[in-house]
Trainee: 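This is the structure, below, for whatever I ask next.
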Protein chains: 2
Amino acid sequence: MKINPQSRDDLSAQIAKAIKDAIIQGDLIVDARLPSEAELCAQFQVSRPTVREALKRLAAQSLIRTQRGATGGAFVNRLNFKDAYAQHITTSTLLLSMNAVSFETACEARYALERACAPLAAHRRKAEHLAIMQAEIQHQSQPDLSDAAFCASDVAFHRALVDAAANPVLSYQLAGAVEAMQPLMNIVTFSARDRAKIIALHIRIADAIAAGNGLAADSGLVQLEQETLFLAKTIFDARSA
Amino acid sequence: MKINPQSRDDLSAQIAKAIKDAIIQGDLIVDARLPSEAELCAQFQVSRPTVREALKRLAAQSLIRTQRGATGGAFVNRLNFKDAYAQHITTSTLLLSMNAVSFETACEARYALERACAPLAAHRRKAEHLAIMQAEIQHQSQPDLSDAAFCASDVAFHRALVDAAANPVLSYQLAGAVEAMQPLMNIVTFSARDRAKIIALHIRIADAIAAGNGLAADSGLVQLEQETLFLAKTIFDARSA
DNA sequence: TTTCAATAAATGTCAGACAATTGATGCGCG
DNA sequence: CGCGCATCAATTGTCTGACATTTATTGAAA
């Protein structure tokens, strides 16, 4: 790996980058053991706390895992979809909340991506996903549900729709768009009539997916997007008045 | 913030999580200054290296930035699209390379998502994006281009297409899908005829976008996906024989 | 042969110190 | 009174050394 001159970057950041590059480049394969902290100290000519800070940076990105004991050490982690999901959702959520992204922009992105899944989902849906969608529709129909719980159920419904496309890459990329919308939706209060409209569209979409009709599912999503935008607009207008 | 019992997690991981939750929850807003390391030590009853490791974990995710000097300290960082892009692309790339995702799966996800952008791009494209697409087409047409350079230009073309949709959320979510494909494509060697086909489709797509014809762009993308899959299949079959 | 304790290696944590950076303070001088 | 400059103080960056904890290995005893 490379050396570390007196640049303006932290030593720990430079060391982390060097190791990260080695992983990306394939010089360090999955489950490979990194040199021990003492060896890394010698290699980079820095102290142990500095090396440790670098390793913690990598651990925070799930790039490595550490293990104590005699045969312990730092190992290149196999990045799994579950960890990547969690990170992606966190980043997406913060990105939206910190950058004043308009509701319209986020909504447009979400439905554009979801519609991309519809034909695949209609073609490949398994009983498992249909069951989740039905269950969430049932759940949403309970009149004493809080707005937050309604939103959470909405997200679960859409996640099942995305997962029905049976493409893990698609599910991963969409997780950010779908889940990150939840905080934005939580400011909306739904009247009983609003909920009924949304549930009706969910039923229509679920039926279309079950029937293998991608076009109908797509049209349902389009209407759902319009309904969502209309709802949000009503709320915002009322608030600013 | 919460206390840290003797759980099985590292202290630094627990502290990092506590601060991260505070940021997500909105208790720490953008540009807010965190307590100094010494104060955090007192608050969590741990030593300074432990606190520092926790802060480095957060810095690795661009959640905080640190500044030296009298008015220095750790500040909540405004997560910008640029940093989020870089992280997302790294994670996506590693996710694909470490999990034996098939070429077909990645390709399907990429084109499904890109097709979602096509109608928006056709509607909103600016001269800027059209110019990039034309320039990349020119670049790709140079016969002495290496395969890697050809792939890089291909990615640049598609990124311009995505950006033309003028939705930063969409661009962000798609960055992972488009860029992460590049390493998978790099194993393919393109004959002159293959390149000609791809470039012809690029021209067709660019023209459709320029003309504001979303449907034509979509059909171009469908053909490009089929062409890409066919190309990859040919390579893999030849390799296994 | 099996069981169990000692050992060694590695990470996790702590304490204290010094260096480097940078804004704030106060002093002197015009 | 205002400006410039040196000093100071607060904070992070890094180092040294030590001890605690965990875990596989080794070797001795039953």
Side-chain angles (χ1 to χ4, degrees), chain A residues 1-20 22-23 28 31-77, chain B residues 1-20 22-23 28 31-77:
Chain A
M1 309 190 200
K2 293 170 194 171
I3 336 168
N4 301 92
Q6 303 293 45
S7 104
R8 71 181 201 293
D9 273 345
D10 287 354
L11 287 177
S12 66
Q14 292 181 49
I15 294 170
K17 184 168 188 317
I19 297 174
K20 184 174 172 179
I23 294 174
L28 291 168
D31 291 334
R33 184 179 176 281
L34 272 65
S36 73
E37 294 179 355
E39 290 174 275
L40 288 173
C41 293
Q43 184 172 337
F44 289 110
Q45 289 290 307
V46 296
S47 71
R48 207 176 140 223
T50 303
V51 164
R52 282 183 61 77
E53 287 181 6
L55 294 178
K56 292 311 162 197
R57 293 179 112 106
L58 300 173
Q61 299 172 285
S62 305
L63 288 181
I64 63 170
R65 62 179 185 277
T66 56
Q67 197 178 333
R68 294 219 278 194
T71 60
F75 298 84
V76 177
N77 203 17
Chain B
M1 307 191 202
K2 291 170 194 172
I3 336 167
N4 302 94
Q6 303 293 46
S7 100
R8 68 180 204 295
D9 272 345
D10 288 354
L11 286 177
S12 66
Q14 292 181 49
I15 295 170
K17 185 170 187 319
I19 298 175
K20 183 173 172 178
I23 295 174
L28 290 168
D31 290 335
R33 183 179 176 284
L34 271 66
S36 72
E37 294 178 355
E39 290 174 275
L40 288 173
C41 294
Q43 185 171 335
F44 289 110
Q45 289 290 307
V46 297
S47 71
R48 207 175 140 223
T50 303
V51 164
R52 282 183 62 77
E53 286 181 5
L55 293 178
K56 292 309 162 198
R57 293 180 112 106
L58 299 173
Q61 297 171 285
S62 306
L63 289 181
I64 63 170
R65 60 177 187 277
T66 56
Q67 196 178 335
R68 295 218 276 194
T71 59
F75 299 85
V76 178
N77 204 18

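Per chain, numbering begins at 1; letters A, B, ... match sequence-line order. Side chains included, hydrogens not; waters and symmetry mates left out as well; all remaining heavy atoms used.
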Trainee: Could you state the atom-to-atom distance from CD of E53(A) to C1' of dT13(C) in whole Å?
Mentor: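 Those two atoms, CD and C1', are 14 Å apart.
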Trainee: May I have the distance from R48(B) (atom CZ) to dG12(C) (atom P), rounded to whole angstrom?
Mentor: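 Distance, rounded to whole Å: 20 Å.
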Trainee: Rounding to an integer number of Å, can you tell me how far Q45(B) CD sits from dC14(C) C1'?
Mentor: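 These atoms are roughly 13 Å apart.
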Trainee: Please identify the 5'-most and 3'-most nucleotides of DNA chain D with any atom under 4.0 angstrom from a heavy atom of chain A.
Mentor: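 Under 4.0 Å from chain A, the extent on DNA chain D is dG13(D) to dA24(D).
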Trainee: Just to verify, what does R68(A) make a salt bridge (Lys or Arg N to Asp or Glu O under 4.0 Å) with, not counting sequence neighbours?
Mentor: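 If we apply the salt bridge (Lys or Arg N to Asp or Glu O under 4.0 Å) test to R68(A), skipping adjacent residues, there are no hits.
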Trainee: Show me the donor-acceptor pairs within less than 3.5 Å that the side chains of residues 54-63 of chain B make with the rest of the protein, sequence neighbours left out.
Mentor:
| unit_1 | atom_1 | unit_2 | atom_2 | d |
| --- | --- | --- | --- | --- |
| R57(B) | NH1 | S12(B) | OG | 2.9 |
| S62(B) | OG | Q87(B) | OE1 | 3.3 |

Trainee: Sequence neighbours excluded, which residues qualify as side chain to side chain contact (heavy atoms under 4.5 Å, CB included) partners of R65(B)?
Mentor: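 Listed in chain order: D31(B), F75(B), N77(B).
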Trainee: List the residues meeting side-chain hydrogen bond (donor to acceptor under 3.5 Å, both in side chains) with T66(B), not counting sequence neighbours, and say none if there are none.
Mentor: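 Expected list: none.
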Trainee: Would you compute the distance between atom CD of Q45(B) and atom CG of L40(B) and round it to the nearest 0.5 angstrom?
Mentor: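 Q45(B) atom CD to L40(B) atom CG measures 12.0 Å (nearest 0.5 Å).
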Trainee: Which of residues 58-77 of chain B have a heavy atom under 4.0 Å from DNA chain C?
Mentor: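 Residues of residues 58-77 of chain B that come under 4.0 Å of DNA chain C are, in numerical order, R68(B), G69(B), A70(B), T71(B).
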Trainee: T71(B): which residues meet the side chain to side chain contact (heavy atoms under 4.5 Å, CB included) condition with it, sequence neighbours left out?
Mentor: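 Side chain to side chain contact (heavy atoms under 4.5 Å, CB included) check on T71(B) returns nothing, list empty.
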Trainee: How many Å lie between CG on L11(A) and C1' on dT21(C), as a whole number?
Mentor: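 Rounded to whole Å, this separation is 15 Å.
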Trainee: Please list, chain by chain and in numerical order, all residues satisfying salt bridge (Lys or Arg N to Asp or Glu O under 4.0 Å) with K20(B), sequence neighbours excluded.
Mentor: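 Checked K20(B) against salt bridge (Lys or Arg N to Asp or Glu O under 4.0 Å); zero matches.
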Trainee: Can you list everything that forms a side chain to side chain contact (heavy atoms under 4.5 Å, CB included) with A32(B)? Sequence neighbours excluded, please.
Mentor: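 Once residues adjacent in sequence are excluded, the partners of A32(B) under the side chain to side chain contact (heavy atoms under 4.5 Å, CB included) criterion are I29(B), V76(B).
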Trainee: Could you tell me how far apart R52(B) (CZ) and dG12(C) (P) are, to the nearest whole angstrom?
Mentor: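 So the two atoms are 17 Å apart, to the nearest Å.
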